[in-house]
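Below: the structure, in structure tokens.
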Amino acid sequence: MRRGLIAGNWKMYKRFDEAMVLASELKRYLTDLGHRDILVCVPFPYLKALADALGGSPVHIGAQNMHFEKEGAFTGEISGPMLVSVGCEYVLAGHSERRHVFGESDAWINRKILAALEVGLKPILCVGERLEQREQGATVDVVGRQLAKGLEGVPADAAAGLTIAYEPVWAIGTGRTATPEQGQEVHAFIRKEIRRHYGDGVADGMRILYGGSVKPENARALLAEPDIDGVLVGGASLKADSFAAIARGGL
Ligand code: PGA
């Protein structure tokens, strides 16, 4: 019913020449995946070249962040219209590193989501609890709040263009993955919240990705869960063979 989405997040890795090599390898490895979309969220300076290089391949291009204003005196920032103008289709919003390293608030993330939708970008709203919040039994409270605040003012027709990524902070870059059951539990909660807010059509169509130490070895079991529609992959997306193995459904 829902098309899968396998997304890579290259973060602040790779020089331009290395990025171009990775893109050409991905193009070679990922020819026809039928029921899954493939996406790589790449550093800003490489967007245009990678969008051109991957044109006509099944690999779509996204950015890792954006500013919510269309233009203005915001030194060092990149706007939604700028992203669209270089062939970018998707954008991450509220990745845990943006929240916790750069102090982005739910209110800012919400403005980014609204701004992305306005210019026709497909935002991926990232949510997830920290370890101490999970240990205190606060996971659904935290995720529910991030979701509600992130989606404030987003109407149902626009929400249909959105993807959610559940990334428990304690699983990102740590080698410690949530079990498929832990992932499914939170994904089912997220879909229930979307259903309560937007109804069956949006909830049944919305893609909810899992992220946090996803590798070829654990992807298959995660993707087998009914509410896990894809994955957001950091470290393992930096090598074409491991990302391609995940995109094919894992080992
Ligand atoms: P990881 O990163 O796969 O390296 O844990 C995931 C992410 O931050 O999106």
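This one's a predicted model, so the numbers in the text were calculated from it and none came from an experiment. Counting starts at 1 for both ligands and their atoms, in listed order.
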Salt-bridge test for Lys149 and Glu152: reply yes if a basic N is under 4.0 Å from a carboxylate O, no otherwise.
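So Lys149 does not pair with Glu152 through a salt bridge.
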Applying salt bridge (Lys or Arg N to Asp or Glu O under 4.0 Å), name anything that partners Asp157, two or more places apart in sequence or on another chain.
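Once residues adjacent in sequence are excluded, Asp157 has no partner under the salt bridge (Lys or Arg N to Asp or Glu O under 4.0 Å) criterion.
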Looking at Gln133, I'd like to know if its CD atom is crowded, meaning that more than 12 non-hydrogen atoms belonging to other residues, nucleotides or ligands lie closer than 6.0 Å.
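Counting neighbours around CD of Gln133, more than 12 heavy atoms of other residues, nucleotides or ligands fall under 6.0 Å, so yes.
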Polar contact flag, side-chain donor to acceptor under 3.5 angstrom, Trp170-Glu129:
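Side-chain D/A pair, Trp170 to Glu129: present.
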Atom pairs and distances, side-chain donor-acceptor, residues 75-87, under 3.5 Å, sequence neighbours left out:
residue	atom	partner	partner atom	Å
Ser79	OG	Lys70	O	2.9
Ser79	OG	Met82	N	3.3
Ser85	OG	Met82	O	2.7

Please name all residues satisfying side chain to side chain contact (heavy atoms under 4.5 Å, CB included) with Val169, sequence neighbours left out, ordered by chain then number.
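Expected list: Ser96, His100, Arg130.
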What are the polar N/O contacts of ligand 1 with the protein below 3.5 Å, with distances?
residue	atom	partner	partner atom	Å
ligand 1	2 (O)	Lys11	NZ	3.3
ligand 1	3 (O)	Ser213	N	3.4
ligand 1	3 (O)	Gly234	N	2.8
ligand 1	4 (O)	Gly235	N	2.9
ligand 1	5 (O)	Gly173	N	2.6
ligand 1	5 (O)	Ser213	N	2.7
ligand 1	8 (O)	Lys11	NZ	2.7
ligand 1	8 (O)	His95	NE2	2.7
ligand 1	9 (O)	His95	NE2	3.2
ligand 1	9 (O)	Glu167	OE1	3.4
ligand 1	9 (O)	Glu167	OE2	2.7

